[in-house]
There are 2 protein chains.
Amino acid sequence: MEKKIIETQENILDAARTIFAQKGLAGARMQEIADRAGINKALLHYYYRSKEKLFEQVFEEAFKKLIRPLAAFLADDSELFQKIRNICKHYNKILIQYPFIPNFIINEINTNPNRIINLISFEGVAEGKQKTMAQIQTAVKSGKIRPIDPRELIMNIISLSVFPFASRPITGQFLYKNEDMDQILKSRADSVADFIIQSIKI
Amino acid sequence: MEKKIIETQENILDAARTIFAQKGLAGARMQEIADRAGINKALLHYYYRSKEKLFEQVFEEAFKKLIRPLAAFLADDSELFQKIRNICKHYNKILIQYPFIPNFIINEINTNPNRIINLISFEGVAEGKQKTMAQIQTAVKSGKIRPIDPRELIMNIISLSVFPFASRPITGQFLYKNEDMDQILKSRADSVADFIIQSIKI
DNA sequence: ATCAAATTTAACCAGTTGGTTAAAAAAAAT
DNA sequence: ATTTTTTTTAACCAACTGGTTAAATTTGAT
C-alpha cells in the first residue's frame, strides 16, 4: 500500500508544481491539478486539505531548492574564484532542471510578501553570507580583486545566474529566435563565471 | 467635462497598474480596482468593457516602457562603452520609477505565452539588435574588447540591470535587511556599467 | 434653466471555484 | 474471507466574480 500512497502523493505534487509555477496560486485550479495528477477532486482534497496547504508545500520546497545550495556555497571554504565558479555552475544545473522556480518564487512573494517571513533566517544562510562577504573584503584589501561592495558582487552573481532563466520567455524570443535555448542556457554556466571573474580580477 | 473624463480614466489605469502588477491578471479583482480608483464597478465597466481589455492596455503599456528604450539604445550610434553606460543608466532610472514592471511582464508572459506574439517584431527592435551585435563583433575583432558572444553580452547587460529590481522582495531581504533599497538600487546605475566594461575591456 | 454626459445605487445573474459529503467500488493488507 | 484503506462517483453548496441593467442623481456645458 505504501508505494501507491507515495506514488499518488508524488503525482499530486508533480501536477501542483507544474500548474502553480505556470499560473500562480490565484490562477491555478484544483480541478486542473487533479486532472493532471490523474485523480479526481475528492481525492485531491483527501490528501491535501486545501489549495493553500498544497501551495505552501510546493512553494516552500521550491524556495529551499534555491536558497539551500546558495547558503551552502556561501558557507564553504573554497577560494573566492572557485566559489564563484561553483555557484554559477550549480545554479545553471539546477535551473536547467527547474527553470520555472525563480519566476514562481519572485512572483508569489510579490503577490504576498508575508510568505517570506517564515523563510528568512534560514538554515545558516546569514552566516554563509557574512563569511563570503568577509572573504570578498579581504580579497579587496589584499589587492587580489578590484574594489567592489561585497553585496553588490553577490547580487551580480545571482543576477547573471538566475535572470536568463526567469526571463527566458521574453529574452529567448528576443535574442535567440527559435533556437535551442536549453543548449544556450547550459553553455552559459562557465562563461558567466568567467565574465564575473574577469571583471573583478586585477 | 473633458478633464473629468481623462482624470477618471487615468485613475482607473493607475489603480489597474498597481493591482495587476501586484496580483496578476488572475488574482486581480475588478471591485478592488474600482475601489482604488475611487469609483464603483458599474463605472469601471462603463469605461473598460472587460477585465481582459483593461489588462491588455495596462500590459502593453508596461511592455512598451521596457522594450522601446532598449530598442532605441541598441539602435543609436554611440560608441560601445558609452552605449552600455546609457542602457544601464536608463534602465536604472526607469525601474526606480516603475519597479514592478519586469516581474509583471515576465510573469504574465509565463502564464500566457500567446501575449508575446503580438509584441515581437516591435518597432525596429530587431534592427537595433543587429546593429549592436555587429558593433560588438567589430569591437572583438579589432581587439577593443575580449572575445564574447554578442548576445551573451546583451543578456548580461539586461540581467544586471533588471534582475535586482525584479528580485527585490527577496534579495532585498536577504542582502540588505531593512536598509534603504531605493538608495542602494539607485547607486547601482554606474557601478553596473563599470562592472560590465571592466569585464570585457582589454 | 436646460440638456447631455458622468456617476451612483442597488439589485441581479450566470458561471466558476474551493470544498464537502456519503455511498459505492476497487485495491491491498490481514 | 474479512477488514481496512484508497479511489471513484456524483451530487451538492456557499461564496465569489465578472458583468449587466435600469433608474436615479450629480455634474458640467450651453
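The chains referred to below are lettered A, B, ... by the order of the sequence lines, with proteins before strands, and numbering in each begins at 1.
A/I33 places its CD1 atom 12 Å from the C1' atom of C/dT17, with the value rounded to the nearest Å. Distance A/E32 CD to C/dT16 P: 14 Å, rounded to the nearest Å. Atom CG of B/D35 and atom C1' of C/dT8 are 14 Å apart (whole Å). Protein atom CD of A/E7 is 14 Å distant from nucleotide atom P of C/dA27, rounded to whole Å.
In this structure B/K23 satisfies the salt bridge (charged side-chain N to carboxylate O under 4.0 Å, His left out) test together with B/E32, sequence neighbours excluded. For B/R146, the side chain to side chain donor-acceptor pair (under 3.5 Å) criterion is met by A/Q198, not counting sequence neighbours. For A/K131, the salt bridge (charged side-chain N to carboxylate O under 4.0 Å, His left out) partners at least two apart in sequence or on another chain are A/D77. By the salt bridge (charged side-chain N to carboxylate O under 4.0 Å, His left out) test, B/D194 pairs with B/R85, sequence neighbours left out. For A/K89, the salt bridge (charged side-chain N to carboxylate O under 4.0 Å, His left out) partners two or more places apart in sequence, or in a different chain, are A/D190.
The phosphate of D/dT8 has OP1 or OP2 within less than 4.0 Å of a side-chain N or O from A/N40. A close approach under 4.0 Å does occur between a side-chain nitrogen or oxygen of A/Y47 and OP1 or OP2 of D/dT7. Considering only side-chain N and O atoms, A/Y46 lies under 4.0 angstrom from the phosphate OP1 or OP2 of D/dT6. Note on A/T8: every side-chain N or O is 4.0 Å or more away from OP1 and OP2 of D/dT6.
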Scoring nucleotides 15-21 of chain D by protein non-hydrogen atoms under 4.0 Å (B base, S sugar-phosphate only, - none) yields --SBBBB
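Taking the six-membered ring for Trp, B/F104 and B/F20 have ring centres at least 6.0 Å apart.
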